[in-house]
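Input: a single structure, listed below in structure tokens.
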Amino acid sequence: MADSDDSQSGSAGLISLDMGAFGSGSMNDPLRHAVGIRNAQDKSRMQFWESLPEFFQITVFHGEQDTALNHLRLHGSVSERLFRAKQIKDEGNELLRVVCASVRTTGHQPQQEKQTLLLKDMDEHVRCLQTKIAEKEKELKNLQLELESIRRKKDLQAVQENFTRNVSKQGLMSQHQKTSLEAAIVAYEKAAGLLRYLQCTCPNWKNTDGSYKGLEDKYLQINETALAGEGPEAEEARRVVTSCYLNIALAAQKLDNFDLMQSACTEVLSKLDSVNTKALYRRAQARVGPTGAMDHDRNAAIQDLMAAAQVAPQDKDVRELLTALRAEKESKQATERTTFAGFFDRGSLSSSETANPATNTPLQSLDLKDPGVQRLLDIYPSANHFED
């Protein structure tokens, strides 16, 4: 009988309350709520941690996982750390170089043949449109706009041919190549992590089973002393870290991991070199790489490329991608103008329809406050009628 009462009235001493803000379930599920509340508390104490890119977060664990690396971080000179960082970076370079070489030998002949066919189709479309313009004078305006749109698409396709040759698709990559790229990223993270890394000052942040407790902001700090100053060692350290981050971006691009690619480039631009041409160019690629890239992504990519072009005006890759994105944007705008122009043309009134058929009075001269006009136009004014 007691079980029946409990099932109807809830557990003794607990209020049935929706605590969705803290976790799933209700107060009748105290264990899940305790976990939910703890997660919410941890999140408020880990805002700095959450703001860091993933490839930089991982450096906090390197010291715990590799005692030699941790000893070098804590006790090695900058020159010793630089030497080891370059060794690890070279390991990543070799992994990345093998994948890049194998991707190049695969070739992109089917894709190039497809692009050639597209160009031929566009040429044919241009000729058809030119014929229609000559035959249909009434449609001249809209057809000219459509013609301009097709020409821009043709130009865009031609410019993008060179660009697409350098983009490897995940479907063409073997599992071994993917594994090599992931290992290269780990190597670059460790190499850069010898010179710039995240450390936790809490002595008891690691559990006895090897897992880690919540990394609260108050215990976290970035160590980049090797990069400080204007001496040759500091300059070399900044160059090595920048190179590692840019190579992480390149490997991430080949894995179609555009979020990682963009965050690595942003870290270079925001923390190391605000006018780095490669970082600007690769971040632009990362913005437009996903199939779901939006207009604001393309606009941001154009801004990155314009900044890169100011620094390196002769850079061919930058100029080609900037030209392609601008042509794509203009083509889309031309297509929209064509679409909306046709829409408004179909819905416009002829000059004979702009007058009141009963009085032959132009509609723009009618007084909308006149009750007779309101009945004619089927207008029902509000309680305040019209305001001058």
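None of these values were measured; they are calculated from a predicted model. Counting begins at 1 with the first residue of the sequence.
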(request) Test salt bridge (Lys or Arg N to Asp or Glu O under 4.0 Å) on Arg97 and Glu94 and set out the steps. (result) CA-CA 5 Å; Arg97 188 179 298 111; Glu94 185 59 31; 2.8 Å; yes

(message) Using a 6.0 Å cut-off, check whether atom NZ of Lys278 has over 12 heavy atoms from anything other than its own residue.
(response) no

(message) Ring of Tyr197, cation from Arg73 - is the NZ or CZ under 6.0 Å from the centre and inside 45° of the axis?
(response) yes

Taking all non-hydrogen atoms of both residues into account, name the closest pair between [X] and [Y] and its distance.
{"X": "Val268", "Y": "Ala279", "value": "CG1-CB, 3.9 Å"}
{"X": "Ala85", "Y": "Val240", "value": "CB-CG1, 4.3 Å"}
{"X": "Leu195", "Y": "Ala237", "value": "CD1-O, 4.0 Å"}
{"X": "Leu227", "Y": "Val241", "value": "CD1-CG2, 4.2 Å"}
{"X": "Ala301", "Y": "Arg287", "value": "N-CD, 3.5 Å"}

(message) With a 4.5 Å cut-off on side-chain heavy-atom distances among I, L, V, M, F, W and Y, is there a chain of contacts connecting Tyr245 to Ile185?
(response) yes

(request) Decide whether Met261 and Leu269 are clustered together by the hydrophobic rule: side chain heavy atoms of Ile, Leu, Val, Met, Phe, Trp, Tyr closer than 4.5 Å, transitively. (result) no

Do [X] and [Y] have side chains that get closer than 4.5 Å, going by heavy atoms?
{"X": "Glu236", "Y": "Lys86", "value": "yes"}
{"X": "Glu233", "Y": "Ser79", "value": "yes"}
{"X": "Glu267", "Y": "Arg196", "value": "yes"}

(message) Using salt bridge (Lys or Arg N to Asp or Glu O under 4.0 Å), reason through Asp273 and Arg238 one step at a time and then give a plain yes or no.
(response) CA-CA 9 Å; Asp273 183 0; Arg238 288 193 293 270; over 6 Å; no

(request) Could you tell me whether Phe55 and Tyr188 have their ring centroids closer than 6.0 angstrom? (result) no

(request) From the options Leu325, Leu280, Leu322, Leu321, select the one residue that forms a side chain to side chain contact (heavy atoms under 4.5 Å, CB included) with Asp304. (result) Leu280

(message) I'd like to know if the side chain of Gln87 pairs up with that of Arg84 as donor and acceptor (distance under 3.5 Å, no hydrogens or angles considered).
(response) yes

(request) Please lay out, stage by stage, how Thr225 and Asn223 fare under the test side-chain hydrogen bond (donor to acceptor under 3.5 Å, both in side chains). (result) CA-CA 6 Å; Thr225 55; Asn223 188 314; 3.1 Å; yes

